[in-house]
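Side-chain atoms are counted along with the backbone in the values below, which use heavy atoms only and exclude waters and symmetry mates.
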Amino acid sequence: GRLNAFKGFALAAKSHKIELHVINAAFEGLSAWAGDHDEASSLVHRDQLRGLPALMLSPVLSNPQDPQHYELMSRVMRLVAWMPPEGRRELQEIVVEDCSEEEVLRSLVRRVRDHCDETVHRAHQMQRLSPEIWEGLMLLQLLWGANGAIAQRLDDSLRTQPELPELQLGMSLTQTLTQISAASRASTGSTMLGRFALTALRPPVPAAEFHLQSLAEELVPPELEFRLFVENACAGPITPSEVLELPLYAARTDYGFEYVLPSKMRSFMANRNLVPVSYTRKVLQVENHHAQLNLQHQVARRVAADLEVLPGHEIHIDPALLFFILKVRRERILEDTAAALQRATPEDLRRQLKVIFEGEQGVDEGGLAREFFRLLSARVFTADCGLFDPAVAQSARVLWFDKASACESTDFWLAGVILGLVVYNNMPGLNVRFPSVVFKKIKGEALGLEDLRQVYPEIFVSLRALLQWKPEEEAMSPEEANTLFENTFCLDFVVSYDSNGKNLSKELCADGKDRAVTMDNRGEFVKLYCEWLLASSIERQFEPFRKGVRRVCDSSLFNALDSVELELIVCGEQDLDFAQMRNHAVYDGYTEDSPYVTAFWDLLLAFDVEQKKRFLSFVTGSDLAPVGGLQELQLVIQKNGGEPTDRLPTAHTCFNLLLLPEYETEAKMEKLLNTAVHNAEGFGLE
């Protein structure tokens, strides 16, 4: 009722007097509870806590920048942090049962997230992280857990209850489950297992709506967050269920004697599910850079000790000891790279990569490495290289491991090492068409029927139809339905597949050829078939690939990534929004609002996708945008003379620097820019 009242209040003309009454009443109540730890620790009953979600949803608290609104929300956060575990669990149950309507839950999440962002903004201004930040993250984690619990409970009910004509998705969870329960008592028909088997329902609020935008703006420097992660949370991320059980500790802080949350909560990366992937990538880059510097320092100390050099004296160190130097020929880039990686030690692979192209004068400050990976990926990550299944590449347009491949395990290991080097050396990404299930397998996450959709779409449709099948006659007995099912599909626990032109078969379980697939065991059949297609059938190929990735990437922060984050970091951003790049470009010799610069951007924005990729490769060495989009890439446009000239535009890819002459006409600029972009391969120094 309170929630509906607030909805109506939000639509009506706001009264300043009513706002003041609500705020003053809330302050009076929260001051008594959130100002005394002993009082807050007694909040364990649902009736005591029901007002908190209603208060947070109140439209009078819609402006987190308002000092009164901010202070009131901060007291709510503190009250939740000071509650005992049973109080937090009760509060989460209230959200699950009473606030599960999508519109209401989205509003609640948005209100708490906006307050957390404002807390980070204030910390940035004060140059100090306050305890309020972690208290806000605790409440946001509580809502994350409630969001998942809503989907899980509805999913559990749909798996065991009869099908409904139509569910009203706008209802709360309690109303929906009541409708399902009523249908269960009135029906003896088939269950909804067929529709939802092996595929969980998505939570009502998407994960991205929990992400703190203040972190995407880097108001907390990634270097600072890396230190927080190492000091407080390197054991791994905290789970939303674990948040409910966290105790408080009395401690002396910069703000005086306070009750604080455990140290493992005091890191944004510990609350990784609330962090944008673009920020996660920045922190991972910091970790990678620290690891490379530590190796260089270890080498320097060893050399100094061997030469018995006194402190303060200079020594010469072979660059090959400080960097992993790859010297390759363009025409034999794959063969030269394979030979070098096979000779490399684990320590070599964890040094900073430097690439040298034979016969070229370029010095690698990042641009050559990006060019190297772009050329190498075009040779390795293709359906023609022998590692990946050409039939899957043709039908599903993704790269999937060929279970009949004649390649050695070493070849798959090398492909994994290359992918690992991309991540470890902070490259913008690889142009590879891996399905998401590859990254789930690298991270050891559970697989299911939905993961089959990207790799074997036709088999996915067939298995889903198998699960959804039901007899047309509802009055048919279970025995009759099983008989009809067996006669319709004629399946046993054996699957057939093609291997180099030969038709082979595989038993999915012991005595599979003698075991019929029935309505009762069809779920088991689908599960075993998925496991064979996605795991056991390609184990010989995938396991070396996974070990290759982990040979290079095995840090605490990398281990904390989930598959979605890893996929974005490896593959980069697919959307090339040049408007983002324009908004963050800087100029040397030109001005942003000059007609010539405006004409230049009009030309770029009119490019098609292939032209944009070519231009991006020309100025950065990679045709992919970094995670977070082209706004993460700062293009520098420098004036390089004027008419009369026939000089082509040139670029320093290591610094994202475009040297652009000022041509007399837009047509000449377009012609010479396209000439430069389409003929740019190789590096040289004047």
Side-chain angles (χ1 to χ4, degrees), residues 26 30 34 52-53 55-58 61-83 88 91-92 95 99 104-148 203 205-222 224-225 228-229 232-233 237-240 242-244 246 255 258 260-280 282-283:
L30 288 172
L52 286 179
L55 175 62
M56 288 187 286
L57 286 165
S58 168
L61 298 182
S62 59
N63 181 14
Q65 286 83 32
D66 183 279
Q68 277 190 314
H69 298 184
Y70 178 82
E71 178 62 27
L72 191 54
M73 286 293 289
S74 294
R75 296 193 182 199
V76 173
M77 309 294 178
R78 173 145 299 186
L79 186 61
V80 174
W82 283 9
M83 283 180 195
R88 294 185 204 132
L91 179 60
Q92 188 176 81
V95 174
C99 303
V104 175
L105 188 58
R106 278 177 180 264
S107 299
L108 192 56
V109 169
R110 191 180 305 114
R111 188 67 55 84
V112 175
R113 185 204 63 210
D114 289 348
H115 177 83
C116 291
D117 278 328
E118 177 62 21
T119 304
V120 173
H121 275 275
R122 296 187 179 211
H124 174 72
Q125 294 171 353
M126 297 174 59
Q127 295 294 296
R128 176 180 294 178
L129 297 178
S130 68
E132 292 176 350
I133 291 177
W134 318 121
E135 293 167 356
L137 293 187
M138 168 175 272
L139 181 53
L140 200 55
Q141 287 281 26
L142 185 148
L143 296 180
W144 176 284
N147 191 44
V205 181
E209 296 195 22
F210 287 85
H211 292 169
L212 300 183
Q213 295 308 304
S214 54
L215 296 182
E217 299 169 14
E218 293 188 43
L219 296 183
V220 178
L224 172 59
E225 170 51 30
L228 290 174
F229 179 78
N232 300 323
I238 196 168
T239 63
E242 190 178 357
V243 166
L244 300 179
L246 288 179
Y255 298 88
E258 292 191 10
V260 297
L261 294 167
S263 60
K264 67 184 303 181
M265 185 75 188
R266 299 200 293 272
S267 162
F268 293 101
M269 294 306 301
N271 299 272
R272 198 194 66 253
N273 53 314
L274 310 179
V275 177
V277 180
S278 59
Y279 187 76
T280 299
K282 294 287 180 61
V283 180

Between K264 and E242, is there a salt bridge with N-O shorter than 4.0 Å?
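Judged by the 4.0 Å cut-off on N to carboxylate O distance, E242 and K264 do form a salt bridge.
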Distance from [X] atom [atom1] to [Y] atom [atom2], nearest 0.5 Å?
| X | Y | atom1 | atom2 | value |
| --- | --- | --- | --- | --- |
| R75 | W82 | CZ | CH2 | 10.5 Å |
| L139 | L108 | CG | CG | 7.5 Å |
| D114 | Q213 | CG | CD | 9.5 Å |
| I133 | L261 | CD1 | CG | 12.0 Å |
| E209 | L105 | CD | CG | 9.5 Å |
| E218 | E225 | CD | CD | 12.0 Å |

If we only count heavy atoms from C-beta on, is the [X] to [Y] side-chain gap below 4.5 Å?
| X | Y | value |
| --- | --- | --- |
| L228 | M269 | no |
| Q141 | N273 | yes |
| P53 | L91 | yes |

As a quick check of understanding, evaluate side chain to side chain contact (heavy atoms under 4.5 Å, CB included) for L142 and V243, giving each step before the final call.
CA-CA 7 Å; L142 185 148; V243 166; 5.6 Å; no
Distance-only, no hydrogens or angles: does the N232 side chain make a donor-acceptor pair with backbone N or O of R266 under 3.5 Å?
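Yes, the answer is positive, given that a donor and an acceptor are paired below the 3.5 Å cut-off.
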Looking only at non-hydrogen atoms, find the nearest pair between [X] and [Y] and report the distance.
| X | Y | value |
| --- | --- | --- |
| A270 | F229 | N-CD1, 4.4 Å |
| P237 | R272 | CG-NH1, 3.3 Å |
| L137 | C116 | N-SG, 4.0 Å |
| R88 | M83 | NH2-O, 3.1 Å |
| R113 | L212 | CG-CD2, 4.0 Å |
| L143 | V109 | CD1-CA, 4.0 Å |

Of all pairs that satisfy ring pair (Phe, Tyr, Trp, His ring centres under 6.0 Å), the ones with a partner from residues 104-126, not counting sequence neighbours
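Sorted result for residues 104-126: Y70-H115.
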Result of checking N271, V205, V275 against F210 for side chain to side chain contact (heavy atoms under 4.5 Å, CB included):
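Only one option passes, and that is V205.
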In chain order, what residues pass the ring-ring contact (aromatic ring centres under 6.0 Å, His included) check against F268, with sequence neighbours excluded?
W134
Full working for side chain to side chain contact (heavy atoms under 4.5 Å, CB included) between Q65 and E118:
CA-CA 7 Å; Q65 286 83 32; E118 177 62 21; 3.3 Å; yes
